[in-house]
Amino acid sequence: MLAIFLGGLLIYCSFEFPLWGDPHAPASTHVSPYYIENTLKDTSVPNIVTAVLADYRGYDTLFETVVIFTAGIACIFLLRTYKTVEPDIRLYRHIPTGITLRIEKGGKFPEGSRHFERLDTAWVPYDLIVKTTCRLVIPFIQIFALYVIAHGHYSPGGGFQGGVIMGASLVLFAIAFNLRSAIRRMGERLIMLLAALGVCIYAGIGTLCMLLDKNYLDYSAFANILAFDPASARSHGILMVEIGVGIVVMAVMVILYYVLASAGKHDEGL
Amino acid sequence: MSWQIELIILAIVIICGVSALSVKDLLSAAILFGAYSFMMCLLWAIMGAVDVAFTEASVGAGVSTVLFVAAVYQTSRRTKD
C-alpha cells in the first residue's frame, strides 16, 4: 500500500520534468552549449562524453575509480578466508593415459609432477572444445579491449568499458580452464598491485599537473614538457588517465570473480 | 526510430524486471537480470546515449551476470520466500 502510494507520488512528480530533448530545459541551457561548442577547440577530442568524463569532470571520475578500488578491497575483507582447509578428496588426471585418479585424505598427492594435472571435483570430463575455443577467442577480446580504451576519444568507449572487457576475458579464461590455473598466471597479489597502480596513475597525473604549475588534473600542463599545443596535451592527458582507469577496473573485476567463485578460498570454483 | 520498437523493448524491460523479482530459481533470476540489462542497453542506444549503452552492455549484461552466477553457484538455487 505504502509502495503504491510512494510510486504514485514519484510518477506524479515526474510529470513536472522537462520534456525529453527540450531545448529550454535547465540542463541544456547552461553548461551543455559550452561543452558542445568548445570541446573540440579545448581538448581536440571529438567524443564530447569522453572529454567531459575525464577532463572537465576529472575529479568525479577520479573518485569513481577510488570507489571501484575500495569495492574490490571491501570484497576481499568480507569474503576472503586464509585458513586453508584441506579437501577430503582430490582428483588428478594422468595426462599421457587420461586416467583420472581419486586420492582420498591421507594419500600422497602428486603435486608438482608434470604428468598429472589437478581437476575440480565438480567437473571431471574433458572439455577440449571449450578450452580450444577460448584459447582462440581470448586474444581477440583483449585486443578489442585495448582498442576500446585507446579509441575512446573518437568512438564510444573509454577506460571503464575497456577495463571491463579486459577483465571479462580473464574471467572467461578462469571459467574455461579452472580457477587454479588462472590464479597461477595472475595471482591475487599481482592483481591488487595493479589496482593500486591504476589509482596511482590517475592521482599521479593530477599531481604531475600541479608540479608543472597548473591546477590538479589540468592536463594542459603537459604542453610545457611534451612540446604540444595545450589542446592535444589535454587529449594525451585524457588517454593516460583512461589507461589508469582501465587497469583498476580490470583488476577489480577479476578479483571479484576470484573471491565470489571460490567463496574466498581461491582453491576450486566455477 | 519508430515508436513501436521502443514500446516493445520497454515492455520487455518491465516484464524482465518483474519476473526477475518474482521467480523462485536464483539462477534464472540472474539470467533474467542479464536480459533486463541488455534491453536497457538497447533503450539507451535508441535514446542516443551510446556511451552509457556500451557501459550497460559490458558491465550489466556481461560481468555482473557472471558474478551473479558465481554467487548462486556457492548457495542453493531455490529461494525459500
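Values reported hereafter were calculated over all heavy atoms of this structure, with side chains retained and with hydrogens, waters and symmetry mates removed. These numbers were taken from a predicted model, which means no experiment stands behind them. Labels below follow one simple rule: chain letters A, B, ... track the order of the sequence lines, proteins then strands, and each chain is numbered from 1.
With a 6.0 Å radius and a threshold of 12 heavy atoms from other residues, nucleotides or ligands, A:Phe63 has its CZ atom at or below the threshold.
Looking at every heavy atom in both residues, A:Ala54 comes nearest to A:Tyr202 through O-OH, 4.3 Å. Of all heavy-atom pairs between A:Ala176 and A:Cys134, the closest is CB-SG, 3.3 Å. Between A:Thr39 and A:Ala51, the closest heavy-atom pair is CG2-CB, 3.5 Å.
Side-chain contact between A:Ile255 and A:Met192 is present, with heavy atoms from C-beta onward closer than 4.5 Å. For the pair A:Glu188 and A:Ile183, the minimum side-chain heavy-atom distance is 4.5 Å or more. Here the side chains of A:Phe177 and A:Lys131 are in contact, with some heavy-atom distance below 4.5 Å.
Remark: A:Arg80 is positioned above the aromatic ring of A:Tyr82, its terminal NZ or CZ atom under 6.0 angstrom from the ring centre and at most 45 degrees off the axis. With a 6.0 Å cutoff to the six-membered ring centre and a 45° limit on the axis angle, A:Arg234 counts as a cation-pi contact of A:Tyr56.
Listed by sequence position, the residues of residues 65-79 of chain A in contact with chain B number zero, using a 4.5 angstrom heavy-atom cutoff. Interface residues of residues 135-151 of chain A toward chain B, defined by a heavy-atom distance below 4.5 Å and sorted by number: A:Phe144, A:Val148.
Only the side chain of A:Ile165 comes within contact range of chain B, with at least one heavy atom under 4.5 Å from a heavy atom of that chain. At a 4.5 Å heavy-atom cutoff, the contact between B:Val59 and chain A is made by backbone and side-chain atoms alike. At a 4.5 Å heavy-atom cutoff, the contact between A:Val164 and chain B is made by backbone and side-chain atoms alike.
With hydrogens and angles disregarded, a donor-acceptor distance shorter than 3.5 Å links the side chain of B:Thr65 to the backbone of B:Ala61.
Side-chain contact, B:Ser58 with A:Gln161: no donor N or O sits under 3.5 Å from an acceptor N or O.
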